[in-house]
Structures are given as C-alpha cells and as structure tokens.
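Just follow the structure's listing: the first ligand is 1, and inside any ligand the first atom is 1.
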Amino acid sequence: MPNSTVLKACEQTEIDLSGAADWVPFDAPALVGDSLRFVSGDSRGDRFRARYYRDAEQHLHARFWLGPEAEGPPGHAHGGAVAAIMDEALGLAAWAAGYPIVVGNLNVSFRNMLPLRKVVTVESRVVSVEGRKIMVHGRIFRGEKTFAEAQCLCITIPGK
Ligand SMILES: CCCCCCCC(=O)SCCNC(=O)CCNC(=O)[C@H](O)C(C)(C)COP(=O)(O)OP(=O)(O)OC[C@H]1O[C@@H](n2cnc3c(N)ncnc32)[C@H](O)[C@@H]1OP(=O)(O)O
C-alpha cells in the first residue's frame, strides 16, 4: 500500500476539538463562507482541522489540529501552515468583530516547533482600531507552551 494511503487511513479518526466550558461555538463559514476553504474548510482532512469559538467577551478562539499534510520539520508543522492559521484566524477575528477586512500585513514569530497530531489553541484579540486599520494580535499555544505569536494589520474593504 502506498504511504499516502496509510496516512489517510490512519487520520480518519475523530479529533476532539471541543472548547473551554465558557466558549460558544462560532459559525465562521456563515460569516465568510469560502474564505475559510484553504485552511479550515476540510473538517476531515489530513492538513488542518479546526473549530472556532467566542468567549464571553466575544474574543475569537480556535482549536486546531495539524495533520501529516502540514508537515515541515519532521513531525512538526511547516512555518507556512502556522502562518496560514494566523492569517485565517486573525483575519476572521476582525470580521467577527464587525470589520470586513483583508490582511495587509502579517508578522509571525515562531517560538517553538509545533507538533503534528496535537490539538492546539489559537487565541486572538482586536487590540486597536484606527480608521481603516484594525490591529489583531494572536497566539498559538498548548498548555504552557507558545508555538507562535502574530500581529496582523487588517484593512477594511471600502464599500463592504
Ligand atoms: C475572511 C476571514 C478569513 C480569511 C482571512 C484571510 C485574510 C487574507 O488572507 S486576505 C488575502 C491576503 N491579503 C490581500 O490579498 C490584501 C492585498 N492588499 C490589498 O488589497 C490592498 O493593499 C489593501 C486593501 C490592503 C489596502 O489598499 P487600499 O484600499 O488602496 O488602501 P491604502 O490607502 O493603501 O491603505 C489604507 C491604510 O492602510 C495602511 N496600509 C495598507 N497596507 C499596509 C501594510 N501592508 N502595512 C502597513 N500599513 C498598510 C496604509 O498606509 C493606509 O494608512 P493611512 O490611512 O493611515 O494612510
């Protein structure tokens, strides 16, 4: 059997992406539709699986699982995969806060290698709004360990 078939077969299991007790599931596709297809659009895929939530203060959070197709260094996530998560999650955080945006600038710091096949949490916060510029900060972590931090400058789309 080819290797890819073996990997596909072993990734068919359900992943527990449940949120914290006080989080409410957030229906991201209902808000931005196909914009999510690249990263979190395949809930049974072998690259990314994700579920979005909001907390009581309306901050956006996500549980993400990265599978074998997101691999960079052996057993760990590709930097582009981590950046793609930040792009989607922090851009979505601005949309969820009521700002129709595209990402103008994304600055990602890779702090620790992110292991595959582990559920990690993405937290985000809209930290400032100045005219069309919405600044969103985010972090990917598991327990005490931070894998990446990002600052995302989002620009509202005129006419939206
Ligand atoms: C949907 C939720 C989930 C998915 C999220 C996915 C997010 C994405 O990946 S979006 C795709 C990737 N992003 C893009 O393709 C964007 C490409 N860029 C553009 O379209 C344009 O450059 C755009 C819209 C950002 C800005 O263009 P434009 O509308 O002409 O505005 P512009 O006048 O240049 O800039 C507006 C303000 O933002 C600032 N600005 C714009 N881009 C940047 C930047 N990269 N860095 C710093 N400042 C910037 C400008 O300086 C200006 O500031 P000020 O008002 O103080 O003078």
- Message: Under a 3.5 Å distance rule, please check whether Trp95 uses its side chain to pair with a backbone N or O of Ile101 as donor and acceptor.
- Response: yes

Can you list every pair where an N/O of ligand 1 is under 3.5 Å from an N/O on the protein?
from: ligand 1; atom 1: 9 (O); to: Asp87; atom 2: OD1; distance (Å): 3.2
from: ligand 1; atom 1: 9 (O); to: Asp87; atom 2: OD2; distance (Å): 2.6
from: ligand 1; atom 1: 13 (N); to: Val103; atom 2: O; distance (Å): 3.0
from: ligand 1; atom 1: 29 (O); to: Arg132; atom 2: NH1; distance (Å): 3.4
from: ligand 1; atom 1: 29 (O); to: Arg132; atom 2: NH2; distance (Å): 2.7
from: ligand 1; atom 1: 31 (O); to: Arg132; atom 2: NH1; distance (Å): 3.2
from: ligand 1; atom 1: 45 (N); to: Gly104; atom 2: O; distance (Å): 2.9
from: ligand 1; atom 1: 53 (O); to: Lys133; atom 2: NZ; distance (Å): 3.4
from: ligand 1; atom 1: 56 (O); to: Lys133; atom 2: NZ; distance (Å): 2.8

- Do Arg139 and Glu149 meet the salt-bridge criterion of a basic N to acidic O distance under 4.0 Å? no

- Which of these passes ring-ring contact (aromatic ring centres under 6.0 Å, His included) with His61: Tyr52, Phe141, Trp23? Trp23

- Task: Report yes or no: does Asp46 contribute a side-chain atom to a donor-acceptor pair with the main-chain N or O of Gly67 at less than 3.5 Å?
- Result: no

- Message: I'd like to know if the side chain of Arg63 and the backbone of Ser18 have a donor-acceptor N/O pair within less than 3.5 Å.
- Response: yes

- Message: Can you list, by chain and residue number, the hydrophobic cluster partners of Met135 when the side-chain cut-off is 4.5 Å?
- Response: Val127, Leu153, Ile155

